[in-house]
Amino acid sequence: MVRVRFAPSPTGSLHLGNARSAAAHRRYADAHGGAMLLRIDDTDPARNVDGGLETILTDLEWLGIGWDEGPQRQSERHVRHREAAHLVGEPDADGALRFGHATVLRADGTATYQLASAVDDLDFGITHVIRGSDHRANEELQASLIRALGGEPPVYIHHGLLLGDDGTKLSKRHGASSLADLREEGIPGEAVRTYLDELGLPKHDVHLDLARLRRLSIEALAALSDDELAARTGMPVSVVPAMRGARDLREAREYAEQVLDPVAAEVDAPETIARAVELVEGGLDAKSVVRELKAVGGSLKAVRLALTGRERGPELAAVIESLSRDELLNRLGRCSSTTR
RNA sequence: GCCCCCAUCGACUAGUGGUCCAGGUCACGGCCCUUUCAAGGCCGCAGCACGGGUUCGAAUCCCGUUGGGGGCACCA
């Protein structure tokens, strides 16, 4: 029975590297009919952030990644860790316990990552440890610790790292790389999940490809039904036509707001506006209205301005389609009266 | 400095000795669509890091070089 554990530290929103690891664990467990344990590596009180656990749970849910056991906080296992440290460690001059060259228990009695990780992997019957190559050097120590405790070490699988633009290990300083950042930017969770799954677990490093992520965002949006798109953006279904073509949820919201909240604008094209009013009153559909306006050489720009107050935005036909007849006449009428 | 890992278009990759004068996707460029910005459609550019082997035959195997990354904490 395969058992893996995803073990983030509660230091804030997961960055893409961690998220990639989470997705890889889920996939590995599923592929082998195994289980995934969620473990919170919070042995260092100094690094723990308030609400750190909740943030991680939110991130995982957003990605659609579930787990089978946990969350298990390492800090809650300190008694067992201390016991194990005394089993294998040697006291040093500062009152800490060491195993070989590594400290396993600090002088204040708290376990270090090396110890806690090894003990928990052993106690929870972890069969495969999947992690980035930045952990490669930890394998020997941790395996030794487990053997010293009378256990059999798991299989260690190290994969290449996710690199930022500068070609170094992705970290907070690279910016816009935490899940919270991406969510803020309007990238749908499933686009991120797809991207992470595409990464797989190669041994070589991989450059973070933001362009690919944006591409997947466009595709994820295209795959959403009208109702889903409306729900995700918190906008009424009626304005969905105006949101199509947006590249992310934030942009979709902006498009919708343009239609929903027009700003005042000077429009100087009375003939086009009058014609538009006629066409709308005539009950023509959006596309036909646009076609007819074009046929008479009307200024579509003026119509857009009249309807949204802006010079740019979603395709005019989509804007018209997103508005009710009354609202269309209202906005067009308001314009023709102010320009006359 | 020492130890470890890796190496196909700009990026992500397919490719595991012949079917590869290397295929796909993204980016990029051009065209079309669009009286806006996108989205969409079509076409195109571009690569096996280098040098030695092994072999009838190498992107695929071996060695070296170069390049890149990671580690060398009482951080995880």
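As the structure is a prediction and not an experimental result, all values here were calculated from the model. A, B, ... follow the sequence lines: proteins, then strands. Residue 1 opens every chain.
- Closest approach to the A:S9 side chain among B:G69, B:A38, B:A76 is made by B:A76 (side chain taken as heavy atoms from C-beta onward).
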Pairs of donor and acceptor atoms involving the side chains of residues 295-305 of chain A, under 3.5 Å and at least two apart or interchain, shall be tabulated with distances.
from   : atom 1 : to     : atom 2 : distance (Å)
A:S299 : OG     : A:A302 : N      : 3.1
A:R304 : NH1    : A:P314 : O      : 2.9
A:R304 : NH2    : A:P314 : O      : 2.9

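- Taking atom P in both B:U66 and B:G23, one finds a spacing of 32 Å when rounded to whole Å.
- Taking a pair to require two hydrogen-bonding distances under 3.5 Å in either a Watson-Crick or a G-U wobble arrangement, B:A38 remains unpaired.
- By the 4.0 Å N-to-carboxylate-O rule, A:R77 lies close enough to A:D123 to be salt-bridged with it.
- Salt bridge status for A:E257 with A:R253: absent, with no side-chain N to carboxylate O gap under 4.0 Å.
- B:G1 is paired with B:C72 under the criterion used here, namely a Watson-Crick or G-U wobble arrangement in which both key atom distances are under 3.5 Å.
- The side chain of A:R136 sits closest to B:C5 out of B:U36, B:C5, B:C6.
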Check the pair A:R39, A:S117 against side-chain contact (heavy atoms from CB on, under 4.5 Å), reporting the backbone distance first and the verdict last. CA-CA 10 Å; A:R39 187 177 84 197; A:S117 191; 3.1 Å; yes
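- For A:D94 and B:C74, a side-chain-to-base donor-acceptor distance below 3.5 Å is present, hydrogens and geometry of angles not being considered.
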Base, backbone or nothing for each nucleotide of nucleotides 63-68 of chain B, written B, S, -, heavy atoms under 4.0 angstrom, 5' to 3'? ------
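- Pairing partner, B:A7: B:U66, with both Watson-Crick or wobble hydrogen-bond distances short of 3.5 Å.
- The ring-ring contact (aromatic ring centres under 6.0 Å, His included) test applied to A:H135 returns A:Y113, not counting sequence neighbours.
- Base engagement by A:N138 is indicated by at least one non-hydrogen atom pair under 4.0 Å involving a base atom.
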Donor-acceptor list for residues 26-38 of chain A side chains, cut-off 3.5 Å, not counting sequence neighbours:
from  : atom 1 : to     : atom 2 : distance (Å)
A:R26 : NE     : A:D30  : OD1    : 3.2
A:R26 : NE     : A:D30  : OD2    : 3.4
A:R26 : NH1    : A:G66  : O      : 3.0
A:R26 : NH1    : A:D68  : OD2    : 3.4
A:R26 : NH2    : A:D30  : OD1    : 2.8
A:R26 : NH2    : A:D68  : OD2    : 3.3
A:R27 : NE     : A:D197 : OD1    : 3.1
A:Y28 : OH     : A:H128 : ND1    : 3.4
A:H32 : ND1    : A:Y28  : O      : 2.8

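- Base pairing analysis places B:C61 opposite B:G53; the two distances defining the Watson-Crick or G-U wobble pair are each below 3.5 Å.
- Within residues 186-199 of chain A, no residue places a heavy atom under 4.0 Å from RNA chain B.
- The side chain of A:D92 approaches B:C74 more closely than any other nucleotide in the set B:C74, B:U36, B:A76.
- Nearest-nucleotide assignment on RNA chain B puts the 5′-proximal partner with A:V206, out of A:V206 and A:K294.
- Residue contacts for A:L161: at a heavy-atom cut-off of 4.0 Å it reaches the sugar-phosphate backbone alone, with no base atom in range.
- Comparing B:U60 with B:G53, their P atoms are spaced 15 Å from each other, to the whole Å.
- As judged by a 4.0 angstrom heavy-atom cut-off over every strand, A:K301 is placed among residues making no nucleic acid contact.
- Residue A:E251 has its side chain nearest to B:A38 when only B:A38, B:U13, B:A76 are considered.
- The side chain of A:R312 approaches B:U36 more closely than any other nucleotide in the set B:C75, B:U36, B:C26.
- Nucleic acid contact for A:T110: none, since no nucleic acid atom lies under 4.0 Å from a heavy atom of the residue.
- A search for side-chain hydrogen bond (donor to acceptor under 3.5 Å, both in side chains) contacts involving A:T308 returns nothing, not counting sequence neighbours.
- Considering only side-chain N and O atoms, A:T103 lies under 4.0 angstrom from the phosphate OP1 or OP2 of B:C74.
- When the side-chain contact (heavy atoms from CB on, under 4.5 Å) test is applied to A:H15, the partners found at least two apart in sequence or on another chain are A:N18, A:L170, A:S177.
- Comparing the P positions of B:A59 and B:G51 gives an interatomic distance of 13 Å, to the nearest angstrom.
- Within the structure, the side chain to side chain donor-acceptor pair (under 3.5 Å) test picks out the following pairs touching residues 225-250 of chain A (sequence neighbours left out): A:E190-A:R232, A:S225-A:E228, A:D226-A:R244, A:R247-A:E251.
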Run the side-chain donor-acceptor check on residues 94-101 of chain A: report pairs under 3.5 Å with partners two or more places apart or on a different chain.
from  : atom 1 : to     : atom 2 : distance (Å)
A:R98 : NH1    : A:T103 : OG1    : 2.9
A:R98 : NH2    : A:H101 : O      : 2.6

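- If you check every strand for non-hydrogen atoms under 4.0 Å, A:S299 touches a base.
- With B:A38, B:C26, B:A76 as the choices, the nucleotide that has an atom nearest any side-chain atom of A:E315 turns out to be B:A38.
- Picking from B:C75, B:A11, B:G69 the nucleotide with the shortest atom distance to the side chain of A:D209 gives B:A11.
- Among the nucleotides B:U13, B:G70, B:C75, the one closest to any side-chain atom of A:R106 is B:C75.
- By the side-chain hydrogen bond (donor to acceptor under 3.5 Å, both in side chains) test, A:T11 pairs with no residue at all, sequence neighbours left out.
- Separating the P atom of B:G47 from that of B:G64 is a span of 29 Å, rounded to the nearest Å.
- Aromatic stacking of A:H135 on B:A76: satisfied, with centres closer than 5.5 Å and planes within an angle under 30 degrees.
- Taking the P atoms as reference points, B:A46 lies 30 Å from B:C37, given to the whole Å.
- Between the side chains of A:D121 and A:Q142, no donor-acceptor pair is found at a separation under 3.5 Å.
- Rounded to whole Å, the separation between the P atoms of B:C56 and B:C48 comes to 27 Å.
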Exercise answer: donor-acceptor pairs, residues 145-157 of chain A side-chain atoms, under 3.5 Å, sequence neighbours excluded:
none

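- Counting any heavy atom pair closer than 4.0 Å across all strands shown, A:G297 reaches a base atom.
- For A:P202, taking side-chain heavy atoms from C-beta onward, the closest of the listed nucleotides B:C5, B:U13, B:A38 is B:U13.
- Residues of residues 214-234 of chain A that place a heavy atom closer than 4.0 Å to RNA chain B, in numerical order, are A:R215, A:I218.
- Within 6.0 Å of atom CG in A:D108, more than 12 heavy atoms from other residues, nucleotides or ligands are found, so the atom counts as buried in its surroundings.
- Residue-level contact check: A:G313 touches the bases, meaning some heavy atom is under 4.0 Å from a base atom.
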